[in-house]
Amino acid sequence: MSMALTALKSPVQNKASLILEPLILGIESSCDETAASVLKRYKDGSVEILSSIIASQDKEHAPFGGVVPEIAARAHMQKLDHIIDRAMRQAKADYKDLSAISATAGPGLIGGVIAGLLSAKGLAMSLDIPLIAVNHLEGHALSPRLAGACEFPYLLLLISGGHTQLLSVKGLGDYQRLGSTVDDAAGEAFDKTAKVMGLGFPGGPNVERTAKKGDPNAISLPRPFKGKDHADFSFAGLKTAVARAYDASDATPKAKADICASFQQAVCDVLTERTTKAMQMYRREVGNGPQRFVVAGGVAANSQIRAALDALCDENNFSLLAPPLKFCTDNAAMIALAGAEHYVRGNFDNYDVKARPRWPLDSVSAKNNPASGFGKRGPKS
Ligand code: KG4
Ligand code: ZN
């Protein structure tokens, strides 16, 4: 092996030299949140979040009604040093006390991912500590543990602006994708619905607020994939139907409220119907084992969706764990947590590890059933 490659290896290669209770700095920059967190993992597996700083880019993207990748990358570059420094200060941590640095290395908007990963590489190399490249989806998958104990295995519904997936989470690094969106993510559908009606960005909270005054049965909207014998999702048709309904309406506040309420009801129906399918698949897999259901991602903030999933779990004998919103939406504590889990197992990455715009958690089922973003470069998530 050449000298150059040896030099790029993370320094700790020997399990015996691992710190038993590591202090990890996590960095997240895969979409429109610049985030850093310092987390301590104890021997018993519990974690303490010493800081979790999140700088949203809502203001930067609001004029465009959605996330603009170039603007996101530039904003991450401008904010990262400051956010990392704030996370360290709030945690009252010294850089020399860090055991490792973990950063999102994909999937996501590549410019932002590169910015965060570069910061992590620079810090890890200068401190001579290991670098851990984390899959953003693994961060979401493990996020319930930030709020308290959450034992494996569980069925996870991840509903955010970038992803909509159902995963069987069996253990660290052991994920099976049961379903995924074939087009838009659920959060994207909320954002586009809001954009069509001029309700502002991010769309989810505005659509939810507007829907409160509307009639969920006022407009007839499709329920894509209803009754299909798989657990995939589709939201593109719903988005188009909303745009058509709005064009045909008189655009009054009442019309907007009815469209929002009908749209939210349709998303609720789609999520619960597809999750029911995944619950059947999951039950076949775990047999008589515990039936736990976790929901994560920004769309899990929607109270109608949360209530519907709660009722669904009751009907199907699943216990529901819905982490607090601050751990549902993008944050760096979940990236530090995933980093800590890999650290204690001695899983490190070379300092020249690459950022990956596409990085399926379960590459086998992503290849066999490439529901989401399958193109020349392979499945996205
Ligand atoms: O998890 P997240 O912060 O970032 C991504 O990984 O995408 O999720 C953001 C998404 C946005 O699309 C936003 O509109 C949606 O979550 N969202 C909501 C609500 N709050 C945020 N969607 C529906 N209802 C809400 N209350
Ligand atoms: Zn996310």
Side-chain angles (χ1 to χ4, degrees), residues 26-35 52 54-58 61-62 64-67 69 72 76 103-109 112-113 116 134-144 146 156-165 167 180-181 184-197 199-212 235 238-239 242 260-261 263-268 270-271 294-309 322-335 337-338 357 359 361 372 380-381:
I27 297 171
E28 158 60 32
S29 60
S30 66
C31 191
D32 60 340
E33 260 99 29
T34 315
S52 177
I54 303 170
S56 144
Q57 300 176 3
D58 283 354
H61 301 291
F64 305 95
V67 179
H76 285 305
T104 295
L109 301 174
V113 175
V134 170
N135 184 315
H136 179 82
L137 300 174
E138 180 163 66
H140 277 300
L142 302 181
S143 65
L146 293 168
L156 171 75
L157 172 65
L158 171 53
I159 33 176
S160 71
H163 313 280
T164 298
Q165 301 200 359
L167 289 159
S180 183
T181 181
D184 294 343
E188 219 174 333
F190 269 96
D191 293 337
K192 287 178 180 168
T193 292
K195 191 175 176 180
V196 162
M197 287 186 266
L199 299 177
F201 176 83
N206 294 326
V207 169
E208 182 172 19
R209 210 171 303 121
T210 311
K212 286 208 167 79
F235 292 101
L238 194 50
K239 176 190 71 187
V242 163
C260 283
F263 164 78
Q264 192 168 275
Q265 185 61 53
V267 175
C268 237
V270 168
L271 290 175
V294 172
V295 60
V299 182
N302 187 287
S303 43
Q304 190 185 344
I305 291 173
R306 259 174 123 101
L309 291 170
L325 184 59
K326 62 179 175 181
F327 301 135
C328 281
T329 46
D330 283 352
N331 64 84
M334 68 185 192
I335 304 304
L337 168 65
W359 187 0
L361 254 192
S372 167
K380 185 166 80 174
S381 52

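Counting starts at 1 for both ligands and their atoms, in listed order. Values in this document were obtained by computation on a predicted structure and should not be read as measured data.
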Which residue holds the protein heavy atom closest to atom 4 (O) of ligand 1, what is that atom called, and what is the gap in Å?
Asp330 OD2, 3.4 Å
With a 4.5 Å heavy-atom cut-off, do Leu337 and Ser143 have their side chains touching?
no
4.5 Å side-chain heavy-atom contact, Thr210 and Leu199
yes
Between Phe201 and Phe64, is the ring centroid distance below 6.0 Å?
no
If I consider every N, O or S atom in Asp330, which one ends up closest to the Zn ion (ligand 2)? I only need its name.
OD1
Using a distance-only test with no angle check, is there a side-chain donor-acceptor pair under 3.5 angstrom linking Thr329 and Glu33?
no
Quick check: does Asn302 get an N/O under 3.5 Å from an N/O on ligand 1?
yes
Proximal atoms of ligand 1 relative to Gly162 (non-hydrogen, under 4.0 Å):
7 (O)
Kindly indicate, with the supporting measurements, whether the criterion side-chain contact (heavy atoms from CB on, under 4.5 Å) is fulfilled by Ile159 and Ile305.
CA-CA 10 Å; Ile159 33 176; Ile305 291 173; 4.2 Å; yes
If you measure every N/O of Gly297 against every N/O of ligand 1, is any gap under 3.5 Å?
no
Can a side-chain donor-acceptor contact be found between Gln264 and Asn302 if the only test is distance below 3.5 angstrom?
yes
Do you see an N/O/S atom of His140, backbone or side chain, under 2.8 Å from the Zn ion (ligand 2)?
yes
Do Gln304 and Gln265 touch side chain to side chain, with heavy atoms closer than 4.5 Å?
yes
Counting from 1, what ligand 1 atoms have a heavy atom of Gly161 closer than 4.0 Å?
5 (C), 7 (O), 8 (O), 9 (C), 10 (C), 12 (O)
Ignoring hydrogens and geometry beyond distance, is a side-chain donor-acceptor pair present between Glu28 and Ser30 at under 3.5 Å?
yes
When you measure from the side chain of Arg306 to the backbone N and O of Ala322, does any donor-acceptor pair fall under 3.5 Å?
yes
Under 3.5 Å between any N/O of Gly298 and any N/O of ligand 1: does that happen in this structure?
yes
What atoms of ligand 1 come closer than 4.0 angstrom to any heavy atom of Asp191?
11 (C), 12 (O), 13 (C), 14 (O)
Part of Thr329 with heavy atoms under 4.0 Å of ligand 1, whether side chain, backbone, both or neither:
both
How far is atom 18 (C) of ligand 1 from its nearest protein heavy atom, and which residue and atom is that?
Gly204 CA, 3.5 Å
Is there a donor in the side chain of His76 and an acceptor in the side chain of Asp32, or the other way round, less than 3.5 Å apart?
no
Atoms of ligand 1 under 4.0 Å from any heavy atom of Gly187, numbered from 1 in the order shown, are 12 (O)
How far is atom 26 (N) of ligand 1 from its nearest protein heavy atom, and which residue and atom is that?
Glu208 OE1, 2.8 Å
Pairs of nitrogen or oxygen atoms closer than 3.5 Å, one from His136 and one from ligand 1: do any exist?
no
Of all N/O/S atoms in His136, which lies nearest to the Zn ion (ligand 2)?
NE2
